[in-house]
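I have placed the structure first, in the form of C-alpha cells, so that the comments after it can refer back to it.
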Amino acid sequence: MEWQVWLGIIAIVIGVLALAVAVGAWSQQAWMRRRDGRRAVPQSVQAARQIAVVVNPSKLHASGLPARVRAHCAANGLPEPLWYETTIEDPGKGQARQALDDGADIVIAAGGDGTVRAVAETMVGSDKPMGVLPVGTGNLLARNLELPLTSMDEALDVILAGRTRAIDVGWLRVVEFADTPRNDEHPNQPDHEPDTDREHIFLVIAGLGFDAAMVATADSNLKKKVGWVAYFVAGLSHMQARRMRATLQLDDDPPVDARARSIMVGNCGMLPGGVTLLPDAVLDDGVLDVAAVDVRGGVLGWAQLTLEIAMQGVGVRNELPEKLGRIDHTKARRARIRVPAGEEAQVDGDPLGRAVEVDVRVEAGALLVRAP
C-alpha cells in the first residue's frame, strides 16, 4: 500500500479520535447546562467596575461580540465597556497597556492565540486580571482554563463572575537563528525580524521541530474553513521529514543528546480536538513540562504515537522501552535546547522562524486570569 494511503488512514484515525472527544465534551457541557438551569451571576461581579476589551478587528463582529459584551455589562450594573482594536504593528500589547492606564479592572483579550499572548505580555505582573473570549482557531489558553468554548454568554459569565487565578507563564528566547534567508513565499512568516534579545511569552506550549513545522505551513484559508484541523493537514507533509539531533540542558543538569521529531516545553497540555499532549502539566505548579516526541518505523510509528497520545489523555501510560512512537516527559524550570541543523520554532501556535538554539524559562504565578 502506498505511503500516501497510510497517511490518509492515520489522518482519519486522528479525526475520529478528535470527533469522539469533542462529542463527549459537548455532551457533558449540555448535561451541565440542563442540570444547572438558568445561570445566576453572583453579586461578586460588582467588584469588577470597568471592563476593557482588546479585540482583533477580524473578530469584532463574531457572534455579535460588541452587543453581547455591552448587554452583559448593562445587566450587571457595569459601565459601558472600553474598546481597543489591535493592528498589524501592535497585536495587543500597547492596547492592553492603554486599557490599564484608562482604569480598566479586567482586560479581555478577544481574538486568537496571538491576541491572547500579546495582551498577556502586558498583563504579566499587573494586579488586574485578564479575561479571555475564545473566538480564535485554537483557543489554547481557554481550553486549558476550561472556559466555555461554544457559548460567548457563558464565557462572559466566567469573566464577570468567576474567580481570579494566578497562573505561570513561559518565556522563550531564540539564542541563535538558523543562517538561512527569510522565505517570502512561506505561508506563515514571523511578524518580526530575527531578534536574539527578545523573549517571547507563551501560555500553553512552545516547540521545536514537527509541531512548529505544522504551525509554520498551515494554510490560513483552510484554517478559516475547518479551524484547527488545518494543522493536522499541514502535518501530513512533514511526516517523512528527518528526525532532528538535539542537545538539552534542563536546569543545572548536564546536557544530554537526543533524537526526536519535536521537543516541546509546556505550561499546560491540552490542545485542540481534546488532545492532551502533556497530561502532567499544571498551569500554576511553578515548573514547565518538557516532552521529547520521537517516531521511527514510518507509518507504524506514527500510528503508535497517535494511540499513545490518545491513551495518555485518559490516564493510561505505556512504559514499554522499545516503542516506535514515544513521548518522554520530564519537568524543569529552565531548558536550553540546541538543534545544530536548525528547526522551526513556535510559541502557542505563532511561528518564530528557524532556530538553532533556544532558552526557555518559567515565571511562576505571574499572570492573573479570570477562570471558572
Side-chain angles (χ1 to χ4, degrees), residues 88-93 112-118 120-122 124 138 140 168-218 231 234 238 241-251 253 255-267 278 287-293 332-363 366-367:
I88 295 176
E89 295 75 22
D90 189 342
K93 186 177 178 180
D113 295 314
T115 303
V116 173
R117 285 183 56 246
E121 188 167 351
T122 289
V124 164
L140 295 176
D168 307 333
V169 301
W171 295 94
L172 181 147
R173 180 173 68 89
V174 178
V175 178
E176 180 183 347
F177 283 91
D179 190 19
T180 55
R182 288 170 63 95
N183 180 3
D184 291 335
E185 296 181 357
H186 199 292
N188 295 313
Q189 281 288 328
D191 60 359
H192 52 81
E193 293 296 327
D195 183 355
T196 57
D197 292 325
R198 176 179 175 181
E199 282 194 303
H200 304 270
I201 192 172
F202 66 94
L203 306 171
V204 183
I205 293 179
L208 280 168
F210 177 80
D211 66 299
M214 281 199 306
V215 167
T217 56
Y231 293 122
H238 299 288
R242 58 179 173 76
R243 298 158 70 211
M244 64 183 182
R245 296 181 181 272
T247 301
L248 291 80
Q249 181 176 10
L250 306 179
D251 294 328
D253 294 339
V256 296
D257 294 329
R259 293 290 300 273
R261 299 285 181 174
S262 287
I263 297 177
M264 286 170 279
V265 184
N267 189 36
L278 304 174
V287 295
L288 296 170
D289 282 55
V290 183
V293 181
R333 289 182 172 82
R334 191 162 201 141
R336 190 100 168 189
I337 307 168
R338 184 172 182 82
V339 284
E343 294 288 343
E344 295 287 346
Q346 63 86 18
V347 285
D348 287 354
D350 285 340
L352 300 180
R354 288 179 58 82
V356 170
E357 186 171 345
V358 298
D359 185 30
V360 191
R361 66 180 179 89
V362 66
E363 187 174 0
L367 178 66

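Annotation: side chain to side chain donor-acceptor pair (under 3.5 Å) contacts of Thr196 (sequence neighbours excluded): none. When the side chain to side chain donor-acceptor pair (under 3.5 Å) test is applied to Asp257, the partners found at least two apart in sequence or on another chain are Thr247. Residues passing the side-chain contact (heavy atoms from CB on, under 4.5 Å) test with Arg245 are Arg259, sequence neighbours excluded. For Val175, the side-chain contact (heavy atoms from CB on, under 4.5 Å) criterion is met by Arg173, Arg336, Glu357, Asp359, not counting sequence neighbours. When the side chain to side chain donor-acceptor pair (under 3.5 Å) test is applied to Glu176, the partners found at least two apart in sequence or on another chain are Arg338. In this structure Asp289 satisfies the salt bridge (Lys or Arg N to Asp or Glu O under 4.0 Å) test together with Lys331, sequence neighbours excluded. When the side chain to side chain donor-acceptor pair (under 3.5 Å) test is applied to Asp211, the partners found at least two apart in sequence or on another chain are Ser262, Gln346.
Here the side chains of Thr115 and Asp113 are not in contact, with every heavy-atom distance at 4.5 Å or above. For the pair Arg117 and Asp350, the minimum side-chain heavy-atom distance is below 4.5 Å. Taking the side chain as every heavy atom from C-beta outward, Glu363 and Asp168 never approach each other to under 4.5 Å. Using a 4.5 Å heavy-atom threshold, the side chains of Trp171 and Glu121 count as touching.
In terms of heavy atoms, Val339 sits closest to Ala355 at CG2-O, 3.4 Å. Between Pro351 and Gly349, the shortest heavy-atom contact is CD-O, 3.7 Å. Heavy atoms only, all atoms of each residue included: Leu250 and Ala335 are closest at CD2-CB, 3.7 Å.
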Please step through side chain to side chain contact (heavy atoms under 4.5 Å, CB included) for the pair Ile263 and Leu248, ending with a clear verdict.
CA-CA 9 Å; Ile263 297 177; Leu248 291 80; 3.6 Å; yes
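Looking at Asp251, its side chain does come within 3.5 Å of a backbone N or O of Arg334 through a donor-acceptor pair. Judged by distance alone, with hydrogens and angles left aside, the side-chain atoms of Arg354 form a donor-acceptor pair with the main-chain N or O of Gly342 at under 3.5 Å.
Separating the CG atom in Leu352 from the CZ atom in Arg198 is a distance of 8.0 Å, to the nearest 0.5 Å. Rounded to the nearest 0.5 angstrom, Gln249 CD and Ile337 CD1 are separated by 11.0 Å. The CG atom of Leu278 sits 10.0 Å away from the CG atom of Leu288 when rounded to the nearest 0.5 Å.
Residue pairs meeting the salt bridge (Lys or Arg N to Asp or Glu O under 4.0 Å) criterion with at least one member in residues 199-210, sequence neighbours excluded: Glu199-Arg361.
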Output a table of donor-acceptor pairs, distance under 3.5 Å, between side-chain atoms of residues 201-209 and any protein atom two or more places apart or on a different chain; print 'none' if there are none.
none

